[in-house]
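Just passing along the structure, written as structure tokens.
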Amino acid sequence: MTRSSVDNLPLSGQRILLGVTGGIAAYKSPELVRRLREAGADVRVVVTDGGSRFITPMTLQAVSGYPVRSDLWDATAEAAMGHIELARWADRVLVAPASADIMARMAAGMASDLLTTLILATEAEVILAPAMNRVMWASPVVAENRKRLEARGMKFIGPGSGSQACGEVGEGRMAEPGEIVSALATTTTDRPLAGRRVLITAGPTIEDIDPVRYVGNRSSGRMGFALADAAARAGARVVLVAGPVSLDTPPGVERVDVRSARQMHSQVMQHVGDCDAFIGVAAVADYRPVSPSADKIKKEGRPVWNLELERNPDILADVAGLDPRPLVVGFAAETGQVEENARAKLESKGLDMIVANRVGENAGFEVEDNALVVIEPDARHDLGHGTKRMLAGKLIEHLAHRLNQGKDES
Ligand code: PMT
């Protein structure tokens, strides 16, 4: 069973951290939690001091199914799931209702309570559904704070217009829970990998012979880095396990540098646990020297040198053997009978998909361009020839379609 095919709801698998701040619209929060859960999201709630004046944590705990956090200094709650862990856990942070006060504190970069600290510590998408009196919403300082938050990539849903709890009529009402859930589902479509976690390997691995020599290969990492970039742009949380390459980390991507195949194997196994897809682009050394030397091996008295090698673990096959497992995508670097050899690897390693490319003189390795064919057990898709960046975009689109297949068909 692949983890990606578990269900087909609009927000399925998404981990949403809901921040409830002080405003009368907090009475809509239980309904919002219920709707988010119905849409497939896993919801944890954090309430500010102000928020808890309008809605009790007990109510939110009952509807979310988890204890509600409110205090940064709560030792028991921190021992269960620390605030940094919670910030990492979230795929999206939704602040609803978002008061003028939280907007100001966020704009100023404050970490004065649990919610603002989590927002500063998270790499997840942050979305606000403001709610306040119409004059407050129209005030220049609130407008300025909104601009500052938007400039940092935060998104706004609403506010709407209508009669307000204070008796006035105008713009400042929090969007209805149904509207918020629809907006979240729509942005998920625009970013087809939103809420997904993708693990990618890239580059070569290096197997040391002695302190100055190694067994390596010609992979530059370009193909894998382009895929990490495309997956992050499509909204995924991406971990990139990279062999030694000289490339910049794509924006928003968490990079883990390794040297050898065994190090790459260990990092992949540490990160694969909650992934929706694994893409093995790295040119992993199949063999490593049996006895690497701590000192430089001398050439004197050695007219011929027989280097004894042993097999490295097969990272891709090991990920494919996990249960449950992510969608597993391999790459096949071939010099001849490209598609036949790739299909044989798809079958022998038990993959969901393999991407075949020809390597050799000016092809596959190092260069900026490539030509890719995606092979699946019952399908073949020629992605054509082009820059690695362009091909990465096409491949990620195809992968998103596979992951969201259940949703697309519903
Ligand atoms: O990095 P670039 O210069 O941009 O070049 C891109 C590329 C040519 C390296 C890339 O497009 C590519 O083809 N990567 C796979 C290279 C490779 O090792 O292919 P393979 O046919 O030997 O291995 C098949 C698959 O098994 C690959 O997904 C590989 O990551 C995986 N593998 C192999 C051996 C091993 N011990 N563990 C593995 O996980």
Side-chain angles (χ1 to χ4, degrees), residues 198-207 215-230 240-248 250 258-269 271-272 277-288 309-322 325-375 383 385-392 394-396 399:
V198 178
L199 177 62
I200 299 176
T201 63
T205 66
I206 297 281
E207 311 297 327
V215 177
N217 65 64
R218 291 173 45 199
S219 171
S220 64
R222 285 195 180 98
M223 190 72 244
F225 275 57
L227 276 161
D229 188 31
L240 175 63
V241 182
V245 294
S246 44
L247 294 174
D248 291 335
V258 296
R259 184 171 170 82
S260 67
R262 282 188 293 178
Q263 287 171 0
M264 186 173 274
H265 184 273
S266 147
Q267 286 299 329
V268 165
M269 290 304 158
H271 287 90
V272 76
F278 171 71
I279 317 178
V281 196
V284 185
D286 290 310
Y287 294 91
R288 64 174 182 272
L309 302 172
E310 62 187 334
R311 286 292 291 267
N312 266 326
D314 191 315
I315 303 168
L316 192 59
D318 285 355
V319 172
L322 297 172
R325 70 180 216 186
L327 188 86
V328 185
V329 182
F331 264 70
E334 303 294 340
T335 52
Q337 295 186 299
V338 176
E339 290 192 36
E340 292 84 334
N341 287 335
R343 185 168 287 283
K345 282 179 186 167
L346 173 86
E347 285 162 11
S348 68
K349 298 194 190 201
L351 313 177
D352 297 299
M353 198 188 290
I354 195 154
V355 186
N357 55 181
R358 186 179 293 278
V359 294
E361 192 72 16
N362 282 327
F365 289 123
E366 296 166 321
V367 288
E368 294 290 347
D369 287 5
N370 206 357
L372 301 179
V373 177
V374 176
I375 298 169
L383 301 187
H385 178 272
T387 60
K388 287 179 178 172
R389 186 182 159 81
M390 184 276 273
L391 290 167
K394 282 190 175 183
L395 181 55
I396 288 300
L399 181 87

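Atoms within a ligand are numbered from 1 in the order they appear, just like the ligands themselves. Because the structure is a prediction, the values reported are computed rather than measured.
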Measure the spacing between CE of Met223 and CG of Leu395 and express it to the nearest 0.5 Å.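 The CG atom of Leu395 is 6.5 Å from CE of Met223, to the nearest 0.5 Å.
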Would Tyr287 and Val215 count as a side-chain contact (heavy atoms from CB on, under 4.5 Å) if you check the C-alpha gap in whole Å, the side-chain angles of each, and the deciding distance to 0.1 Å? CA-CA 9 Å; Tyr287 294 91; Val215 177; over 6 Å; no
Does Ala282 come within less than 4.0 Å of ligand 1, judged by its heavy atoms?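 Under 4.0 Å: yes for Ala282.
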Report the nearest protein non-hydrogen atom to atom 39 (O) of ligand 1: residue, atom name, distance rounded to 0.1 Å.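 Nearest protein contact, heavy atoms only, for atom 39 (O) of ligand 1 is Leu316 N, 2.9 Å.
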Before signing off on this row, confirm whether Thr201 and ligand 1 have an N or O atom pair separated by under 3.5 Å.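 No; every N/O pair is 3.5 Å or more apart.
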Is the shortest distance from a Lys or Arg side-chain nitrogen in Lys388 or Asp229 to a carboxylate oxygen in the other one below 4.0 Å?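 So Lys388 does not pair with Asp229 through a salt bridge.
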When you look at Leu227 and Phe331, which way does the side-chain contact (heavy atoms from CB on, under 4.5 Å) test go after all the steps? CA-CA 12 Å; Leu227 276 161; Phe331 264 70; 3.7 Å; yes
Please enumerate all residues that pass salt bridge (charged side-chain N to carboxylate O under 4.0 Å, His left out) together with Glu368, with sequence neighbours excluded.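 Glu368 satisfies salt bridge (charged side-chain N to carboxylate O under 4.0 Å, His left out) with Arg222 only.
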Based purely on interatomic distance, does Arg218 place a nitrogen or oxygen under 3.5 Å from a nitrogen or oxygen of ligand 1?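 In this structure, Arg218 places no N or O atom under 3.5 Å from an N or O of ligand 1.
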Could you tell me, atom by atom, which parts of ligand 1 come under 4.0 Å of a heavy atom of Ile315?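 Those qualifying, in numeric order: 37 (N), 38 (C), 39 (O).
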With only distance considered, is Ala283 within less than 3.5 Å of ligand 1 through an N or O on each side?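 Between Ala283 and ligand 1, no N or O pair is found under 3.5 Å apart.
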Heavy-atom pairs closer than 4.0 Å: do any link ligand 1 to the side chain of Asp314, the backbone, both, or neither?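 It is both backbone and side chain that touch ligand 1.
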Are side-chain heavy atoms of Val319 and Met269 found at a separation under 4.5 Å?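 Contact flag for Val319/Met269 side chains = yes.
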Identity and distance of the protein heavy atom lying nearest atom 14 (N) of ligand 1: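 For atom 14 (N) of ligand 1, the nearest protein heavy atom is Val281 O, 2.8 Å.
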I'd like to check which ligand 1 atoms, numbered from 1 as shown, lie under 4.0 Å from a non-hydrogen atom of Phe365.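 Listed by number with element: 3 (O), 5 (O), 8 (C), 9 (C).
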Protein heavy atom at shortest distance from atom 5 (O) of ligand 1: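 The protein heavy atom lying closest is Gly364 O, 3.4 Å.
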Spacing of Leu316 atom CG and His265 atom NE2 [to the nearest 0.5 Å]: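 Nearest 0.5 Å value for the CG-NE2 distance: 10.5 Å.
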Decide whether the shortest distance between a heavy atom of Lys388 and an atom of ligand 1 is less than 4.0 Å.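 Contact present.
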For Gly280, the ligand 1 atoms whose distance to one of its heavy atoms is below 4.0 Å: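 Under 4.0 Å from Gly280, ligand 1 has these atoms: 27 (C), 28 (O), 30 (O).
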Atom CZ of Arg343 with >12 non-hydrogen neighbours under 6.0 angstrom: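 More than 12 within 6.0 Å, yes.
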Could you tell me whether the side chain of Val367 reaches within less than 4.5 Å of the side chain of Ser220, counting heavy atoms only?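 In short, these two side chains do not touch, never coming nearer than 4.5 Å.
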Is Asp318 reaching over with its side chain to a backbone N or O of Pro313, donor-acceptor style, under 3.5 angstrom?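 No; zero donor-acceptor contacts below 3.5 Å.
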Which residue supplies the protein heavy atom nearest to atom 11 (O) of ligand 1, what is that atom called, and how far is it?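 Checking every protein heavy atom, the shortest distance to atom 11 (O) of ligand 1 gives Asn357 OD1, 2.6 Å.
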In the protein, what heavy atom is nearest to atom 22 (O) of ligand 1, and what distance, to one decimal place, separates them?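 The answer is Lys345 NZ, 4.1 Å.
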Which of the atoms in ligand 1, numbered in the order shown and given with their element, are less than 4.0 Å from a heavy-atom of Gly221?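 Under 4.0 Å from Gly221, ligand 1 has these atoms: 1 (O), 2 (P), 3 (O).
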Starting from atom 2 (P) of ligand 1, which protein heavy atom do you reach first, and at what distance in Å?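 The closest one turns out to be Ser220 OG, 3.4 Å.
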Does ligand 1 have any atom sitting under 4.0 Å from a heavy atom of Pro313?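 Checking ligand 1 against Pro313, which is what was asked, there is a heavy-atom contact under 4.0 Å.
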Are more than 12 heavy atoms from other residues, nucleotides or ligands located less than 6.0 Å from atom CZ of Arg259?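 More than 12 within 6.0 Å, yes.
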Mind checking whether Lys349 has an N or O less than 3.5 Å away from an N or O of ligand 1?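 It does: an N or O of Lys349 is found under 3.5 Å from an N or O of ligand 1.
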Decide whether an N or O pair under 3.5 Å exists between Val359 and ligand 1.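 Among all N and O atoms of Val359, none is under 3.5 Å from an N or O of ligand 1.
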Glu207/Asn312 under side-chain contact (heavy atoms from CB on, under 4.5 Å): CA gap, chis, key distance, verdict: CA-CA 10 Å; Glu207 311 297 327; Asn312 266 326; 3.5 Å; yes
Qualifying residue for salt bridge (Lys or Arg N to Asp or Glu O under 4.0 Å) with Lys345, from Glu340, Glu339, Glu334: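 By the salt bridge (Lys or Arg N to Asp or Glu O under 4.0 Å) criterion, Lys345 pairs with just one of Glu340, Glu339, Glu334: Glu334.
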The single option from Val328, Val355, Ile396, Leu327 passing side-chain contact (heavy atoms from CB on, under 4.5 Å) against Ile279: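 When side-chain contact (heavy atoms from CB on, under 4.5 Å) is applied between Ile279 and each of Val328, Val355, Ile396, Leu327, only Ile396 qualifies.
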Report the nearest protein non-hydrogen atom to atom 6 (C) of ligand 1: residue, atom name, distance rounded to 0.1 Å.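 Atom 6 (C) of ligand 1 sits closest to the protein heavy atom Met223 CB, 3.6 Å.
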Give me the nearest non-hydrogen protein atom to atom 19 (O) of ligand 1 as residue plus atom name, then the distance to 0.1 Å.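 Result: Ala333 N, 3.5 Å.
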Please could you name the atoms of ligand 1 that Asp286 approaches to less than 4.0 Å, counting only its heavy atoms?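 Listed by number with element: 34 (C), 36 (N).
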Tell me the nearest of Phe278, Tyr287, Phe331, Phe225 to atom 23 (O) of ligand 1, using heavy-atom distances.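 Considering heavy atoms of Phe278, Tyr287, Phe331, Phe225, the nearest to atom 23 (O) of ligand 1 sits in Phe331.
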Using a strict cut-off of 4.0 Å, indicate which atoms of ligand 1 neighbour a heavy atom of Gly330.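 Those of ligand 1 that fall under 4.0 Å from Gly330 are 28 (O).
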